Amino acid sequence: MPATAPIPPADDDGYRLWLRYEPLPKSAQREQYLAHFSAMDVDGASATLRAARDELGRGLRGLLELPQLPRTRADGPGIVAGTPDSSSSIARLGIKAELARVGHEGFVLKQCTLDGKPVLAIAANRDVGVLYGVFQFLRWLATESDFKSLDLVSVPKIRHRVLNHWDNLDGSVERGYAGSSLWDWHKLPDYVSPRYVDYARANASIGINSVVLTNVNANARLLTPAYLAKVSALADVFRPYGIRVFLTARFSAPVEIGGLESADPLDSRVAAFWKAKVHEIYRFAPDFGGFLVKANSEGQPGPGRYGRSHADGANVLADALAPHGGILFWRAFVYDNDVPEDRAKQAYNEFRPLDGLFRKNVFVQVKNGPIDFQPREPFHPLFGAMPRTPLALEVQLTQEYLGCATHLCYLAPMFAECLDSDTYERGPGSTVSHVVDGTLDGHEEGAMAGVANIGSERNWCGHPFAQANWFAFGRLAWDHRLSAGVIAEEWVRQTFSNDPRFVRPVKDLMLASREAVVDYMTPLGLHHLMAWDHHYGPGPWIKDGRADWTSVYFHRADSDGVGFDRTRTGSDAVSQYEPAVAQRFSSRAACPESLLLWFHHVAWSERLRSGRTLWEELCHRYQSGVDSVRSMQKTWQSLEGLIDRARFQHVQSLLKIQEKEARWWRDSCLLYFQTHSGFPLPKGAEPPEHTLEEYMRIVHYYVPGTPRSV
Ligand code: GCW
């Protein structure tokens, strides 16, 4: 008999993200699941409990192939989910002690006995905790987990877990590579796309509880009644999923839509404008979260125009929000080409003196590093330097500087690198994670923001693997102790398959991917080498225009060597860190090589730890970046048939682009740096495909996500 070829899984367009709920394969384990989870009770009429019930039903029907609705648990085994108020079963279970630990958003998963029958309790104090618990249970089930790991008390470490969309009212997305904006402003509020519900489900499934709908380069029109009605419709959709809506406030709105002549924060008419405006917003959305503001940065208006400080600017908005329980995220991403100071130092110089001057409901939102979402940066020196101000960590999920939506780059290792960095603010162990969860300095609440990589594309994020960065952001904001590997594995299993032949290699590939990108773009602490304006592709030769937007400003290559001296003999940016950190970064011996050229100008012929000279090491790193992509391709190739063809081929094509672009980066950068080092490429190096002049002549028009005004 001829062997029948296995039927490949049906094509998947990626729309369902990690919430696919495809049937689990037949196994003894599945039988055990069926014996325990074929019935459920989720009482309660609130919209959130309805969402929890729907999700649990949908998940069980899919994963365990149950008929239309799972049975209601009568007296047999099954699942009971709820709060002590919504469910008399939960109230009777005797899990008060556990519930006392989980606060407003946490939950308990516990195998209990009810009336002599085993039940799984999904319990919380508030409805939203039940919803989070349901999603965690479904993750447990979809990843074919063991019963031993089913007892769990889970509490978010960070209170505000916020997606920042950089979406414009015209439907474009700044630095967005996954289509246009999800928000159909034109048709809202009358047409409310069902996609918004799926967006909310995805967010709730990873614990995201706040979304800023609009770009930080803000448009004041958003705050007019016509748009507030649209915002209100979105807030209504998100509410059952525990998600609060925030908006970006343009600092000059009092002039642009308020008829005032000034936006001076100390002008009482301006304060009155913001009070009335905020009051109006809360009429549209009673659970409105607050504002996110970018001020006096890259041309945005701000208090500086009136000779006022960032604290003055923030406080007028914070005062308007406070009576309603709203909060303000005020960004620290400021720098000015007219200030004759290392760009990396400017935010610290401007904000640190303001510590203690912000109202209680203000978070200062700080990017992970001091420049701008580069493939690798040291942690921002403001972390650990403003103990009297709650700081929010901002990371970028959209891959502005990491290959847009064509490069596979799993970012959890990068987020974790920042979260785990030790600021030494209060001695060893004062990690960024403890700054931003509020515990280090005794702040009641913490915050973490991720610039979204989501758009109108069917699979939400463009690259199938870019979904993992949305997922990882939520998971880490919920619990920053989770490792990048654990999160990758959860995501792979939920998104693709539990087949160990697939899970293991793909997890390894993901974990290595960020370092690969660093190697072929900006190894050894190099940064800001990308092309002008759209930031797509290499441009180490960029030298004209605003100095702090050029590459030569940052790499400082000359015939002696390369790198930005940020020690005492240079810009002394190191002194913005605590002495223990400053010493480590300053010392050539102690400075991690991964940040070497961030802090030091190093001679081309100097020997590094590998025994290679700097020039040789640079060549080696660029090459290993390319090699890593090739090995990612090889791994992927070997997985054919283990997942559906559509996603397999999509990733396969994107990896091809990534390999081509990795070579483009390697060749452009090495040819360019060679004009300074004067050394030949090491023996055996792959010869560049084109000349430097040819690379420099490459022009890209219409790169997605590029702001239209430029
Ligand atoms: O990385 C830069 C981007 C800008 C962005 C800015 C910011 C929204 O190139 O497009 O503007 O950061 O974070 O404000």
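Note that the structure is a prediction, hence the values are computed from the model and not measured. For the single chain, residues carry numbers from 1 onward in sequence order. Indexing begins at 1, ligand by ligand and atom by atom, following the structure's order.
What you find for E174 and P707 is that their closest heavy atoms are OE2-CG, 3.4 Å.
The neighbour count for R352 CZ, taken as heavy atoms of other residues, nucleotides or ligands under 6.0 Å away, does not exceed 12. Other residues, nucleotides and ligands place no more than 12 heavy atoms under 6.0 Å from the CZ atom of R221.
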Could you give me the CA-CA distance, side-chain angles and deciding distance for E515 and R376, then say whether salt bridge (charged side-chain N to carboxylate O under 4.0 Å, His left out) is met? CA-CA 9 Å; E515 213 55 46; R376 171 165 279 124; 2.9 Å; yes
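Salt bridge status for R343 with D372: present, with a side-chain N to carboxylate O gap under 4.0 Å.
L597 places none of its side-chain heavy atoms less than 4.5 Å from the side chain of F554.
Protein residues lining ligand 1, listed by chain and number: W166, E174, R175, N215, V216, N217, K294, E298, R331, F333, K367, D372, E400, Y401, H535 [non-hydrogen atoms, distance under 4.0 Å].
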